[in-house]
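Both backbone and side-chain heavy atoms feed into the values below; hydrogens, waters and symmetry mates do not. Computed from a prediction, not measured in an experiment: that's the story for all the values here.
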Amino acid sequence: MTRTVFNSCLEALRVGGRYVVLASRPAEVTLNMVDLYHNLQHIIGLDTMKLSNLDIKKSLDNLSVGFNEGHLTPPVINAWQFELAPLAYEAVNQGTTGVKQILTFPE
């Protein structure tokens, strides 16, 4: 992830937004800590390689409870086949507030 992409993603977050990072290279990025602070944003690093199968199961079980009890709600999504990626980007460009545009790949 380049510095530009990293910062563009941070700038796209709403106030109080969370940015989960699963990355290995490049290992360093530059960010504006004052913007992060003023926007009440969070950056969360997750190294899944350090989790055991049992750790992953516990995390998924905890999330399941949150969804089942209504504490967590999945986002509204619009799934696009990868071949239609330009249309997905156009949808974002037109404004899709509250709807996540997701690219899917054939199995």
Side-chain angles (χ1 to χ4, degrees):
M1 181 179 306
T2 66
R3 177 186 183 277
T4 303
V5 172
F6 181 83
N7 285 308
S8 294
C9 291
L10 281 178
E11 290 168 8
L13 289 178
R14 65 174 172 77
V15 171
R18 295 176 304 274
Y19 187 3
V20 178
V21 179
L22 300 166
S24 59
R25 299 285 181 257
E28 297 179 9
V29 294
T30 302
L31 67 126
N32 184 319
M33 292 298 291
V34 174
D35 286 347
L36 185 79
Y37 169 79
H38 285 301
N39 290 322
L40 305 171
Q41 294 169 332
H42 306 269
I43 298 174
I44 303 163
L46 179 61
D47 186 352
T48 56
M49 297 301 291
K50 290 189 173 63
L51 300 177
S52 70
N53 290 340
L54 185 57
D55 291 333
I56 293 168
K57 181 187 180 314
K58 286 179 184 177
S59 294
L60 292 175
D61 288 345
N62 287 335
L63 286 172
S64 177
V65 170
F67 281 105
N68 291 337
E69 294 180 357
H71 302 294
L72 299 173
T73 56
V76 177
I77 65 166
N78 190 7
W80 300 83
Q81 293 178 359
F82 183 73
E83 296 79 24
L84 300 175
L87 295 176
Y89 280 99
E90 184 59 31
V92 171
N93 192 41
Q94 296 293 323
T96 56
T97 303
V99 179
K100 305 290 183 186
Q101 304 302 314
I102 307 294
L103 296 178
T104 61
F105 299 89
E107 292 182 28

### Query
Do you know which two heavy atoms are closest between Val99 and Ile77, and how far apart they sit?
CG1-C, 4.1 Å
### Query
For Trp80 and Leu87, which heavy atoms make the closest approach, and how far apart are they?
CZ3-CB, 3.4 Å
### Task
Could you list all the salt bridge (Lys or Arg N to Asp or Glu O under 4.0 Å) pairs where at least one residue sits in residues 60-77, not counting sequence neighbours?
Lys57-Asp61
### Query
Would you find a donor on one side and an acceptor on the other, under 3.5 Å apart, between the side chain of Ser64 and the backbone of Leu60?
no
### Task
For residues 81-107, pull every pair meeting ring-ring contact (aromatic ring centres under 6.0 Å, His included), keeping only residues two or more places apart or in separate chains.
Phe82-Phe105
### Shortest non-hydrogen contact from His42 toward Gly16
CD2-O, 4.1 Å
### Task
Mind checking side chain to side chain contact (heavy atoms under 4.5 Å, CB included) for Leu36 and listing every partner two or more places apart, or none if nothing turns up?
Leu10, Leu31, Met33, Gln41, Ile43
### Task
Classify the side-chain pair Asp55/Ser52 by whether it contains a donor and acceptor separated by less than 3.5 Å.
yes
### Which residues share a salt bridge (Lys or Arg N to Asp or Glu O under 4.0 Å) with Lys58, sequence neighbours left out
none
### Connected-component partners of Val15 among ILVMFWY, side-chain separation under 4.5 Å
Leu40
#### Entry: Selection residues 72-101 - residue pairs positive for salt bridge (Lys or Arg N to Asp or Glu O under 4.0 Å), sequence neighbours left out
none
